[in-house]
*Asks:* 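Quick one: the structure is below, questions incoming.
Labels below follow one simple rule: chain letters A, B, ... track the order of the sequence lines, proteins then strands, and each chain is numbered from 1.
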Amino acid sequence: MSGYVEGLLVILAINVIAAYGAFLPLAAGQLNLGIAGFMAIGAYVAAYLSNEFAWPLALTILGGTTAAGLVGVLLGYPLLRTKGIYLVLATLAFGELVRSGLLNLEVVGAAAGYPVGRHAEFEIVCAVAIAATLIVVWLYHTRFGLGMMATREDEIAADQFGVDVRRVRAVAFALGAAMGGLAGALYAHHYSYIEAQKFNVVLSVYVAMYVLLGGVQTVIGPLFGALFFTMMPELFRIGDTWRFVIFAAAVILTMIWRPEGLIDRTLIDRLKAWRGSAATALGVAPSRPR
Amino acid sequence: MGEILLDVRNVTKRFDGLTVIDDVSVAVDRGEKTALLGPNGAGKTMLFNLISGIYPVSEGSVRLGMTDITSLPSSHRVRHGLARTFQNIRLMGHLTALENVLVGQHHLARPIFGALDPLLFGAHNRWKREALDGLRAVGLDQYAGIAVRNLPFGIRKQIELVRAMLARPKLLLLDEPAAGLNPTETLALRNQLEAIATTGVTLLVIEHDMQFVGDLCQRIIVLNFGRKIADGSPDHVRTLPEVREAYLGTDTPADA
């Protein structure tokens, strides 16, 4: 595999994990615009454990993930008292707080950045991304996943049938934070160098865009969103310096044509119906409703 | 008099200076079918919301069976046998009919392992089987895989009832179950509710269709301006001047 493709796949893998980090709270109806903050926590904790304590790679990544998850737990309950745009602003502020905090933290190099001793190979990053995707897919199909969707769709009705709306949101938020931390830890170990400025608002917005453009209604939406965002600018390289203009136009058009995201439930239903009718035509029984 | 299942005692609800429920007491016996009537804005839905915990009461108490549920979190009340439907159908629009009714069983699942049960995979999960059976019992299994927002009004109302029944309630609060239904659907609904009642479920129904109420319920409670103004058999309530006044806005007796 060429270095270019490998490099692109690593970015995609990290973007997919970060996207699922933003997806989990969104699946429960909460937009987290501070995902870069959680990625930064994951990246710096993993790097610190690696540099200062020489922990093995698996443990530093786990450490970074756990640290971001714990911050998510601590933040979840108080933050989720706020709603809608206020929650978005609160998470945004959190992300900036982390970034500016790290920018002044001398032990991890402050503004000079922080080199990371251990390296995570391409294969490791991709394998972790696949595992993370499978975990989210599984989670989405559990009763907890149903609780998240029910909360997003109608929190009062969900509450009346015993869904602990606040807990579902807090858990989804914390799991999303951990997922962001995982993405950050992998980033740190793959690129062997991190700096606080990298984990800025633009990154948070991008990650949120992967999910919103991919679609929050299905669990594969974020995967497609991340794919779209990572690959499109590459495809538009033929447009040379205009490529980001073309890309931005593509994003706007997507939002006009598919306001609920690239992949929504209606699309999935149509695909199922199409598969069903194709199967019937072939004399095979159509699939049962799921 | 049988055993009291729902005991609403001296309940008052105020929003700032506005009193929307004023010292209302309602006791419903186990197995009874009771209607809650009143003009628009009388506080019927508010009383449901106070019973199910969407709003806390300002004064008074609510008991369900042996349990005082007055200060119980709203999401815990379903565990004590309380399920409801809503005036403006509150289903999860993007979710399928099956997923919607699966939400009805939510409180029956065990805390940790129940939450991690991958019930939306495969066809053999017991929750899923039970939910599909619930839909099949009312002839709705064909819609199981369809997002409910794409389904017609009458079907959505039925799905809401299936969801409430899957919570295995002792007391079912129905907020205008017959509103918007045609006569055939209304008759089918009445038969369905009669069948539900014979299984021992207690019904408290908000409804404007007097024919429907008279046929289904043994007892009628009438609210007006947040106060209880009548309580008794349909025949008795119909003759009360204050009830006529509440509905017609006059104390001149009209023909019965």
*Asks:* Heavy-atom distance under 4.5 Å to chain A: side chain of B:R84, backbone, both or neither?
*Replies:*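 Both parts, backbone and side chain.
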*Asks:* Taking all non-hydrogen atoms of both residues into account, name the closest pair between B:L116 and A:T142 and its distance.
*Replies:* O-CG2, 3.3 Å
*Asks:* Walk me through whether A:F161 and B:H106 qualify under ring-ring contact (aromatic ring centres under 6.0 Å, His included).
*Replies:* CA-CA 6 Å; A:F161 285 98; B:H106 204 90; 9.8 Å; no
*Asks:* For A:Q217, which atoms come within 4.5 Å of any heavy atom of chain B: side chain, backbone, both, or neither?
*Replies:*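 Contact with chain B involves the side chain of A:Q217 alone.
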*Asks:* Take atom CZ in B:F15; do more than 12 heavy atoms of anything else shown fall under 6.0 Å from it?
*Replies:*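 Result for CZ/B:F15: enclosed.
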*Asks:* Using side-chain heavy atoms (C-beta onward) and a distance below 4.5 Å, is B:M92 in contact with A:M149?
*Replies:*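 With C-beta onward as the side chain, the pair stays apart.
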*Asks:* Is the number of heavy atoms from other residues, nucleotides or ligands under 6.0 Å of A:L253 CG greater than 12?
*Replies:* yes
*Asks:* When heavy-atom pairs shorter than 4.5 Å are enumerated against chain A, which of B:G93, B:G104, B:A109, B:P118 gives the highest number?
*Replies:* B:P118
*Asks:* Is it true that B:E99 and A:R265 have a side-chain N and a carboxylate O under 4.0 angstrom from each other?
*Replies:*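 Yes.
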*Asks:* Can you tell me which of A:V165, A:D164, A:T266, A:L146 forms the most heavy-atom pairs within a distance under 4.5 Å of chain B?
*Replies:*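 Between A:V165, A:D164, A:T266, A:L146, the count favours A:L146.
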*Asks:* Mind ranking B:S75, B:A83, B:S74 by heavy-atom pairs under 4.5 Å with chain A and telling me who comes out on top?
*Replies:* B:S75
*Asks:* Consider side chain to side chain contact (heavy atoms under 4.5 Å, CB included). Of B:I54, B:T85, B:V78, B:L173, which one does A:Q160 pass it with?
*Replies:* B:I54
*Asks:* For atom CZ of A:R258, decide whether the heavy atoms of other residues, nucleotides or ligands shown that lie under 6.0 angstrom number more than 12.
*Replies:*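 Correct, the count exceeds 12.
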*Asks:* Verify, without hydrogens or angle tests, whether A:R143 (side chain) and B:L102 (backbone) share a donor-acceptor contact under 3.5 angstrom.
*Replies:* yes
*Asks:* Counting heavy atoms not belonging to A:F224, are there more than 12 under 6.0 Å from its CZ?
*Replies:* no
*Asks:* Could you measure the distance from the CG atom of B:N49 to the CD1 atom of A:I156? Nearest 0.5 Å is fine.
*Replies:* 8.0 Å
*Asks:* I need the minimum non-hydrogen distance between A:W138 and B:F121, along with the two atoms involved.
*Replies:* CA-CE1, 4.0 Å
*Asks:* Would you find more than 12 non-hydrogen atoms of other residues, nucleotides or ligands less than 6.0 Å from A:R270 atom CZ?
*Replies:*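 Check fails, neighbour count at 12 or below.
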*Asks:* So for atom OH, which belongs to A:Y86, do other residues, nucleotides or ligands contribute more than 12 heavy atoms lying within a distance under 6.0 Å?
*Replies:* no
*Asks:* Counting only heavy atoms not in B:R9, do more than 12 fall under 6.0 Å of its CZ?
*Replies:*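 Not buried by this count: 12 neighbours or fewer within 6.0 Å.
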*Asks:* Is the OH atom of A:Y77 crowded by more than 12 outside heavy atoms at less than 6.0 Å?
*Replies:*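 Check passes, neighbour count above 12.
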*Asks:* Taking every non-hydrogen pair under 4.5 Å, which of B:H107, B:R79, B:H76, B:H94 racks up the most with chain A?
*Replies:* B:H94
*Asks:* Atom CZ of B:R90 and atom CG of A:D159: how far apart are they, to the nearest 0.5 Å?
*Replies:* 10.0 Å
*Asks:* For A:V137, which atoms come within 4.5 Å of any heavy atom of chain B: side chain, backbone, both, or neither?
*Replies:*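 Contact with chain B: backbone and side chain both.
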